[in-house]
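So you know, we letter chains A, B, ... as the sequences are listed, proteins then strands, and number each from 1. Keep in mind that what you see is a predicted model, and the values were worked out from it rather than measured.
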There are 2 protein chains.
Amino acid sequence: MNEGIFKAMSDSTRRKIIELLKEGPKTAGDIANQFPYAQPTISRHLNVLKNANLIIDQKEGNFIIYRLNTTILQEWLGWLFEHFGGGNNDENE
Amino acid sequence: MNEGIFKAMSDSTRRKIIELLKEGPKTAGDIANQFPYAQPTISRHLNVLKNANLIIDQKEGNFIIYRLNTTILQEWLGWLFEHFGGGNNDENE
DNA sequence: TAGCCATTTAGCTATATAGTTAAATAACAT
DNA sequence: ATGTTATTTAACTATATAGCTAAATGGCTA
């Protein structure tokens with residue numbers, strides 16, 4: 001499994017970005033406005049998510065529109081369940 | 001959701017420790033022997049997992065036995081699915 | 001062209017963390 | 001008491017990353 005996706009998801013700002021994008025595509029500016037951080041800070045977070053392939057960017061005139069890469073997110077969740085779900089460890093001792 | 005569990009799970013060595021412990025309880029030494037790192041390094045990883053409440057330690061004579069806290073892991077996976085599973089973003093544009 | 005707007009990139013600081021070796025702790029055995 | 005074993009804690013180094021401000025990029029509009 002891609003290490004990047006874990007790092008990407010391990011930051012709460014980035015998880016909130018993901019949740020925002022579940023509502024639908026949004027511009028970088030719209031996303032940045034939801035947070036108390038400077039816009040370049042959010043830009044870098046977006047870049048981390050993009051490198052992890054969790055979001056897709058698309059230039060639209062003067063804006064950059066981001067949307068979720070639902071597939072990757074689903075694959076990640078699936079992988080997590082495969083590896084860590086249904087854990088039956090011995091309860092003895 | 002507890003931030004610690006994300007940080008804990010975002011490291012591949014720690015994920016391998018979790019997978020090892022799915023087989024059953026193991027001593028700190030047994031765990032350390034599975035990795036090419038010095039034992040104190042693994043000890044600190046174990047501590048991170050313990051602080052995230054993902055594993056439980058138990059002193060057994062001269063050894064410390066670690067085992068999975070299956071509940072927490074399951075809860076985490078459940079939370080992930082609630083928040084990030086079933087993502088239906090608009091496919092338009 | 002000039003200027004504006006949206007966004008990223010660059011350069012910086014502060015903090016966190018993975019790795020190391022050496023020392024401390026704690027329980028057992030002699 | 002002394003030594004041995006299992007493990008953690010301490011002290012250090014190197015690297016990564018979140019935040020900032022300032023500058024650069026790229027597309028509009030006039």
Whole angstroms only, please: what is the NZ-C1' distance between B:K7 and D:dA16? 11 Å
Distance below 4.0 Å between A:Y37 side-chain N/O and D:dT21 OP1 or OP2: no
For B:Q39 and C:dG19, give me the distance from atom CD to atom P, rounded to whole Å. 14 Å
Hey, does the side chain of A:H45 come within less than 4.0 Å of D:dG19's phosphate (OP1/OP2), counting only N and O? yes
Closer than 4.0 Å, any side-chain N/O of B:R44 to the OP1 or OP2 of D:dT7? no
Centre of A:F6's six-membered ring, under 6.0 Å away, within 45 degrees of the axis: is that where NZ or CZ of B:R15 sits? yes
Grouping I, L, V, M, F, W and Y whenever their side-chain heavy atoms are under 4.5 Å apart, do B:I42 and B:V48 come out in a common cluster? no
Out of C:dT7, C:dA18, D:dT7, whichever nucleotide has its closest atom nearest the side chain of B:I64: D:dT7
Hey, does A:F35 reach any base, or is it just sugar-phosphate, or nothing, if we go heavy atoms under 4.0 Å? nothing
Give the rounded distance in Å between these two atoms: CD1 of A:I42 and P of C:dT7. 12 Å
Of all the nucleotides listed (D:dG19, C:dT8, C:dT21), which has the minimum atom distance to the side chain of A:T13? D:dG19
Side-chain atoms of A:N62 come closest, of D:dT7, C:dG19, D:dC28, to D:dC28
Which nucleotide wins on minimum distance to the side chain of B:A38, given the candidates D:dT8, C:dT20, C:dT7? C:dT20
Do the side chain of A:R14 and the main chain of A:H45 share a donor and acceptor less than 3.5 angstrom apart? no
Taking the minimum atom-to-atom distance to the side chain of A:K59, which one of D:dG27, D:dG19, D:dT7 wins? D:dG27
OP1 or OP2 of C:dT20 less than 4.0 angstrom from a side-chain nitrogen or oxygen of B:T41, does that happen here? yes
Within this structure, what is the CE-to-P distance between A:M9 and D:dT17, rounded to whole angstrom? 16 Å
Which of the following nucleotides, C:dT9, C:dA18, C:dT20, is nearest to the side chain of A:P40? C:dT9
Mind calculating the distance between CG (B:D11) and P (C:dG19) to the nearest angstrom? 6 Å
When the distance from CD1 of A:I17 to C1' of D:dA18 is rounded to whole Å, what number comes out? 12 Å
Pair A:E23 + A:R67, salt bridge at N-O below 4.0 Å: no
